[in-house]
Amino acid sequence: KSRLVEALAGEAFNFVSGSLGSRRPTVLEFRHVASATESCWSLRDPRTNQWGQQSVASVMKSVGDAHEELGQTVSADPVYVRLESPHCVDMQLVDLPGFRDFAADASKQQFSASIEDLVSGFMQDSRSVILCVEQCGDAATMSTLAKCRQVDVNFKRTVLIRTKLDKYFNDLTSENVAQWVDGYGDLPAGLIRFALTLPSWGEGSPPPKSLAEMREEKSNEDAGRMQALGLSGRPLQTIGFKKFSSFMEDKIGQMFADSIQPVLDALNELRESTSSRERVLALEFEETDPAQIASTTRACGVSFAGALSCVMEGLPYLKYGRMSLGQELGAFHEHHKRLGSDHFETLPCEEFSCLDDYVEYLTMEAQIGSCDVEVNGGAQFRRLMAEVEIFLRFSEVAAEVKKRDVIQARGISMAHLTWRDVVVKLLRHEGHLPMQLRVQYVGERIRWFFEIQKECVLEFMNSVDGAPASRMYPQTYLKHAKFMKQNELIKHLVFQTYDDVCQRQLKAFMDMFQNMLTSTFSNPWIFLKSATADSGSKALPPPPSDGDDVKERIPREIQSRSSVETVMSQWLHDIPTDAHKVDEAVDKVQMLILRTHSLIRSHVCDQVELFAHSFFKLPMLRRLEEEMSTMVLSKADMTSYEDRRQQLAAELREAQAALKEVNDCAALLEDFRTKRDLRLRQPPRSPELPPAGRVSSLKQFWGGNGGSPNVTNKFLSPGYTGNTQK
């Protein structure tokens with residue numbers, strides 16, 4: 001086996017030291033360089049993956065040490081060796097440890113089993129050609145060929161090399177030579193086989209002449225002796241090393257040609273992606289010019305603001321950022337838990353021990369639509385409005401009104417203090433703060449909703465090109481989305497401005513709502529003139545009615561609103577003022593506070609959606625573009641842009657170099673395929689003609705004159721299509 005490797009290399013060497021032989025794969029790259037005057041050996045550093053030229057003795061020592069360091073273990077990590085020589089065969093092979101049929105003890109048996117597992121793993125690779133080396137002899141006793149049959153049943157990837165042919169010359173006659181070549185019927189008909197004699201010389205002494213000359217002599221001797229015995233035609237083409245090497249070059253060339261199209265397809269995809277990246281980088285480099293960087297950032301922000309309106313209108317194909325109501329509330333609570341927020345209530349009342357109880361109530365009792373459906377954008381906002389309205393309706397008076405509170409509230413003053421004033425004092429003290437905390441929850445929920453739409457909007461902008469209705473949206477969305485994805489500074493500035501607008505709208509929303517609550521609790525009687533009297537204690541509004549019920553209910557509500565003040569006055573008049581009726585007065589005051597608070601709560605819940613649309617949603621959709629168009633870049637931002645521009649320049653150069661490399665690789669492959677197709681169309685050449693016109697290997701592909709390739713790159717190598725394993 002080792003002598004066959006030496007014959008393929010055209011040089012005598014031995015890189016296996018010790019009694020255990022090889023214990024890991026050795027990848028040998030043989031590159032035929034016809035113009036070279038001497039061989040050149042290289043070894044690949046396993047740490048840097050860089051090739052380093054060394055003397056043959058140094059290479060052999062390094063490879064031997066790599067095997068010896070394993071001891072009685074086996075490794076699948078290969079050693080890579082390259083030989084460039086005018087005498088080697090153009091091919092790449094993987095030299096694997098040989099099978100061991102006998103093991104003296106348990107440790108040797110384990111060592112033998114490890115080798116068999118390693119070799120079997122390489123043999124099962126469908127891209128490889130298996131070179132099975134056996135001695136010429138009885139074909140029925142070839143054990144290694146039997147192992148090849150286990151992984152290659154039909155011998156489509158197996159090539160049998162029978163060595164030491166010269167030992168059987170005396171046993172062959174003109175009558176049995178043809179049968180002997182076919183193994184007397186024991187070799188499968190479809191198995192490609194060769195019989196040859198390898199150079200040999202005395203053990204421990206150097207070869208008498210160059211291995212290439214000895215290889216040529218043995219090959220000619222094999223062919224001459226077999227031809228003298230009357231062997232001719234196709235069987236004669238399987239005799240001698242020259243026939244074997246010619247077949248292997250043709251085989252590898254054919255494998256390479258067969259695999260060109262998938263590689264070209266991959267290169268074309270890589271060329272498109274690299275070209276697209278190069279265009280994007282070039283455009284960003286142009287747009288980030290210091291003279292127009294501010295306008296580029298503002299343009300990205302304006303596009304982002306416009307895309308927010310599209311997301312809020314609803315996009316059925318946009319799947320990014322979709323959440324169910326439970327997921328949304330869980331993420332909201334987790335967000336404020338990280339922030340340590342304590343300025344608002346996270347649950348509507350104490351009856352809910354945890355968030356899961358609240359979500360279960362919303363799903364099973366309140367039955368909010370699309371609770372379990374994952375939505376985003378406008379549909380998510382509509383569901384949020386229903387949830388915060390229910391949250392507000394759980395607002396109650398902070399504590400039960402006691403006798404002491406009523407007496408303390410009435411007090412004494414220079415002016416006459418009525419029960420109306422007492423009710424206002426108690427209502428402002430016990431009902432205002434709980435309502436304020438729940439309104440704060442509403443504002444925080446709406447702000448958080450808009451903040452989580454940032455990535456959703458950016459994803460929509462990036463998907464405009466492939467969207468079903470892409471022509472309905474400006475094409476600048478896609479360009480600006482790529483800018484924001486590639487330039488973190490632009491993305492940060494746009495998102496920061498967006499968050500600032502959200503914070504500003506939250507403040508406006510809370511200021512307006514707080515002013516309304518303050519005025520309401522300061523004088524609820526004026527506020528309740530336009531309210532509908534609550535006829536029950538339900539926390540939720542009545543279900544929708546049909547048309548006839550609505551016609552009957554509207555006049556009743558109008559009448560009820562006009563009589564609210566009368567009813568309230570009657571309730572106040574019924575509160576006794578006598579000192580001995582304090583208990584009765586407390587009960588009536590408490591009842592009046594609860595009813596008044598219920599009316600205020602109902603009115604606030606009815607107004608929350610109006611306030612959310614007026615002071616949050618509409619300003620976000622209408623004024624965000626104006627805010628984006630007036631962004632101002634600081635000196636620190638300009639410095640960051642300069643750094644980004646230098647990085648862009650480096651990335652652009654890399655992309656251009658990569659694109660050139662891909663184009664060069666594709667051109668090499670196309671040229672090789674064209675030359676091979678032309679050769680296949682030509683009539684077969686006469687055997688007497690020199691083989692210089694034959695394109696049977698990758699020599700012409702790597703330079704056309706038999707030399708090594710001018711450019712070595714990471715996309716192509718002679719062994720790219722698969723390994724020839726031995």
Side-chain angles (χ1 to χ4, degrees), residues 273 276-277 279-281 283-288 293-323 327-328 331-332 335 374-381 384 446-505 616-617 619-631 633 637 640-641 644 647-648 651:
S273 61
S276 176
R277 173 171 171 76
R279 289 194 301 270
V280 171
L281 288 173
L283 182 60
E284 184 180 356
F285 184 79
E286 179 182 353
E287 294 289 340
T288 53
I293 185 60
S295 61
T296 300
T297 305
R298 295 183 187 119
C300 291
V302 170
S303 295
F304 186 86
L308 176 63
S309 300
C310 300
V311 172
M312 293 300 295
E313 290 173 0
L315 299 168
Y317 61 86
L318 184 61
K319 302 184 183 299
Y320 187 88
R322 291 184 178 182
M323 290 186 287
Q327 294 171 342
E328 181 182 352
F332 173 74
H335 170 71
E374 295 183 352
V375 294
N376 58 14
Q380 187 178 2
F381 183 80
L384 174 134
I446 298 175
R447 182 183 72 165
W448 183 80
F449 161 79
F450 277 104
E451 286 181 350
I452 65 173
Q453 300 303 310
K454 296 195 293 287
E455 294 293 342
C456 186
V457 172
L458 185 58
E459 189 65 25
F460 159 68
M461 294 171 62
N462 195 49
S463 62
V464 165
D465 190 31
S470 58
R471 295 183 179 275
M472 297 174 58
Y473 309 112
Q475 293 302 309
T476 55
Y477 282 0
L478 180 61
K479 180 178 74 172
H480 292 155
K482 291 183 177 180
F483 282 175
M484 294 177 64
K485 281 182 172 292
Q486 293 184 355
N487 194 320
E488 287 295 329
L489 183 57
I490 293 180
K491 181 179 178 180
H492 171 74
L493 290 174
V494 172
F495 280 11
Q496 184 63 46
T497 304
Y498 182 89
D499 291 340
D500 292 342
V501 173
C502 287
Q503 182 63 33
R504 185 195 65 187
Q505 295 309 131
F616 226 126
K617 180 183 176 181
M620 285 293 295
L621 298 180
R622 295 179 180 177
R623 299 180 182 176
L624 182 61
E625 183 175 339
E626 179 182 353
E627 295 293 331
M628 292 293 185
S629 62
T630 57
M631 280 191 295
L633 275 64
D637 295 334
S640 300
Y641 267 121
R644 172 60 182 169
Q647 181 182 355
L648 275 176
E651 292 180 0

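Atoms considered below: every heavy atom in the structure, side chains included; atoms not considered: hydrogens, waters and symmetry mates. Small disclaimer: the values here were computed from a predicted structure and weren't measured.
Scanning for salt bridge (charged side-chain N to carboxylate O under 4.0 Å, His left out) contacts around K482 gives an empty result, with sequence neighbours left out. L315 is linked by a side chain to side chain contact (heavy atoms under 4.5 Å, CB included) to V311, Y317, L318, F460, Y473, counting only residues two or more places apart in sequence or in another chain. Every side-chain hydrogen bond (donor to acceptor under 3.5 Å, both in side chains) that K491 has, sequence neighbours left out, goes to E455. Annotation: side-chain hydrogen bond (donor to acceptor under 3.5 Å, both in side chains) contacts of Q496 (sequence neighbours excluded): D500. With sequence neighbours excluded, the residues satisfying side-chain hydrogen bond (donor to acceptor under 3.5 Å, both in side chains) with R447 are E444, Q503. V302 pairs by the side chain to side chain contact (heavy atoms under 4.5 Å, CB included) definition with E625, M628, S629, not counting sequence neighbours. R622 is linked by a side-chain hydrogen bond (donor to acceptor under 3.5 Å, both in side chains) to nothing, counting only residues two or more places apart in sequence or in another chain. Scanning for side chain to side chain contact (heavy atoms under 4.5 Å, CB included) contacts around S309 gives L621, with sequence neighbours left out. Every ring-ring contact (aromatic ring centres under 6.0 Å, His included) that F616 has, sequence neighbours left out, goes to F450. Residues meeting the ring-ring contact (aromatic ring centres under 6.0 Å, His included) test with F304, sequence neighbours left out: F495, Y498. For K485, the side chain to side chain contact (heavy atoms under 4.5 Å, CB included) test picks out L458, E459, N462, with sequence neighbours left out. Looking at residues two or more places apart in sequence or on another chain, you find a salt bridge (charged side-chain N to carboxylate O under 4.0 Å, His left out) between R504 and E627.
Here T497 contributes atom OG1 and H492 contributes atom NE2; the two are 9.0 Å apart, rounded to the nearest 0.5 Å. Summarising the geometry, atom CG belonging to N376 is positioned 10.0 Å from atom NZ belonging to K319; distances are rounded to the nearest 0.5 Å. The OG1 atom of T297 sits 10.0 Å away from atom CE of M484, with the distance rounded to the nearest 0.5 Å. Remark: T296 OG1 to H480 NE2 distance equals 7.0 Å, nearest 0.5 Å. Note that the CG atom of L624 and the SG atom of C502 stand 8.0 Å from one another [nearest 0.5 Å].
What you find for E374 and R322 is that their closest heavy atoms are O-CD, 3.6 Å. Of all heavy-atom pairs spanning Q505 and P619, the tightest one is NE2-CB, 3.1 Å.
A 4.5 Å side-chain heavy-atom check between L281 and Q486 finds at least one atom pair inside the cut-off.
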| query | Passes side-chain contact (heavy atoms from CB on, under 4.5 Å), M323 versus I452? Steps please. | reply | CA-CA 11 Å; M323 290 186 287; I452 65 173; 3.4 Å; yes
| request: List the steps, then state whether side-chain contact (heavy atoms from CB on, under 4.5 Å) holds for Q453 with Q380. | output: CA-CA 10 Å; Q453 300 303 310; Q380 187 178 2; 3.3 Å; yes
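Relative ring orientation between W448 and H335 is described as tilted, the plane-to-plane angle lying within the 30° to 60° band.
Remark: the backbone N or O of T476 is not paired with any side-chain donor or acceptor of K479 at under 3.5 angstrom.
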